[in-house]
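For reference, the structure discussed in these notes is given below.
Reminder, nothing fancy here: chain letters follow the sequence lines and each chain counts from 1. These numbers come from a predicted model, not from an experiment. FYI, side chains are in, hydrogens and waters are out, and symmetry mates aren't considered; it's all heavy atoms of this structure.
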Protein chains: 2
Amino acid sequence: MKNHNKTDWAGCPVRYAAGIFGDKWCFILLRDILLHGKRYYGEFLTSEEKISTNILANRLAHLEQTGMLTRHVDAQKKSKVFYLPTAKARALLPAFLNIMVWSTEHDAQTEAPDSFAKAMQQDPIKTVEYYQRQIDAADARCHSTSNS
Amino acid sequence: MKNHNKTDWAGCPVRYAAGIFGDKWCFILLRDILLHGKRYYGEFLTSEEKISTNILANRLAHLEQTGMLTRHVDAQKKSKVFYLPTAKARALLPAFLNIMVWSTEHDAQTEAPDSFAKAMQQDPIKTVEYYQRQIDAADARCHSTSNS
DNA sequence: CAATTCACTTGCAAAATGCAAGTTAAATCT
DNA sequence: AGATTTAACTTGCATTTTGCAAGTGAATTG
C-alpha cells in the first residue's frame, strides 16, 4: 500500500489500526510483547515464525514511531536492547484477546485451550486483568540505565 | 511473508488471525463489509482508500478461500456480483469493535464520535447487537438466483 | 446490434520482502 | 592488552508483491 503517511491513515478507526498493526509481522510482534513476554531484540528473532533481522528492525522502528514501543539499552549488558510496550500498546490487549477468542472458535487446529475462551466469556474484565499483570511481570524483568 | 500455507498459520490464535486479515486491504474490506454495508465488487472499488482492481480480486478470493465470504451473482443483473459475510466473518464483529474503541482513544484525528466508545463501555453486548442488525440489513438488500 | 457496464485479468515498472553477508560496539576470553 | 564472541542492526541482491493502466468477455442497455 503506497503513499499513505501517518495522517492519511488517521481518521477512520479501522484504517488507523490497520496502519499500525495491519501487517503480519507487527501483529506477531505485538503478540510476542503482549502475550509471550518477549522484550529483547534477540528474543523476537527466535520466534517460531522466523522473522528476518532487517524486517524485525524495520517493524520495531515502525512500532516505536507509532508510539507502541520504547527502546531501551540494558543496564547490565549495554550490547543488549529491549523494547517496552507503551500504555497505547497495552491498551490493545482487550482487542487482541477478543481476536484470539474468535480464532480459537474458528481455527480447527487451534492450540489455545477451551478454558481461554470460556474465561473470556465468563469474566472478560478479570481475564484481561490477568494478562495485564503478565505484561507488568515481563516489563519488570528489564532494566535500563536511562532512556534511549 | 513467504511460504506459509493455511496450515502453517493455524495453531496460534494471533497468527491464525494474522493469516486471514493481517493485511491492510483485508482489514479494510472487512470493515467495508461489517461496518459500511458494502457487498458489491463495484462498491469496494469506490472506497476512500482506492484499492486497485487486481488487488481487490485477489483479496476477495483470499477471504472466500478462508471462509469469510461467499460469492453470489445478482439476480436482477447477472453482470453484478456481491459477497456476503459468513458466520465466521460476522463473529469477528466484537473484535473489530474493540479495535475501533482502541483507535478512537489513541488517534487524535479520529472521526468516530465519543458516543461510540461510551456505548461500547456501557453496554457492549447491546452495541454489538446493534451492529449485527446493520449487517443483516445490508445482507437483505442482496439477492442471488442460486449460489456460485 | 452497437455501445456500455461490470467483474475481473494481464503486463510491466516500482516497491517490499527474504536471505546472506557485512559492520560496529560492547562484553568475554586468554 | 589483544583476540574472540555476542548482539543489534545494515547492506546488497534476487525474488515476490504491489500499483497502475490497459485489456477481455459476458451481460445490459440504447
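With values rounded to the nearest 0.5 angstrom, B/Asn58 atom CG is found 11.0 Å from B/Thr53 atom OG1.
When the P atom of C/dA16 is taken as reference, atom NZ of B/Lys24 falls 11 Å away, rounded to whole Å. Regarding B/Tyr40, its OH atom lies at a distance of 13 Å from the P atom of C/dC8, rounded to whole Å. Put simply, NE2 on B/His62 is 17 Å from P on C/dC8, counting in whole angstrom units. Taking atom CG on A/Leu45 and atom P on D/dT6, their separation rounds to 15 Å, with Å as the unit. In this structure, B/Glu49 atom CD and D/dT18 atom C1' are separated by 16 Å, rounded to whole Å.
A salt bridge links B/Arg90 and B/Asp136; the closest N-O separation between the charged side-chain nitrogens and carboxylate oxygens is under 4.0 Å. The residues A/Glu43 and A/Lys80 are annotated as not salt-bridged, no charged nitrogen and carboxylate oxygen being separated by less than 4.0 angstrom.
Contact annotation: B/Arg59 side-chain N/O to D/dT17 OP1/OP2 distance is not under 4.0 Å. Here A/Trp25 does not reach the OP1 or OP2 of C/dA16: none of its side-chain N or O atoms lies under 4.0 Å away.
Residue-to-nucleotide proximity on DNA chain C shows that, of B/Tyr41 and A/Ala75, the 5′-proximal contact is made by B/Tyr41.
The side-chain contact (heavy atoms from CB on, under 4.5 Å) search around B/Val81 returns B/Arg71, B/Tyr83, not counting sequence neighbours.
Residues A/Phe96 and A/Phe27 place their aromatic rings such that the two centres sit under 6.0 Å apart.
Counting heavy atoms from C-beta outward, B/Leu30 and A/Val14 have side chains that stay 4.5 Å or more apart.
Remark: A/Lys77, A/Ser79, A/Lys80, A/Val81, A/Tyr83 in residues 77-84 of chain A come within less than 4.0 Å of DNA chain D through at least one heavy atom.
When distances are taken from the side chain of A/Asn54 to each of D/dG19, D/dT10, C/dT17, the shortest belongs to D/dT10.
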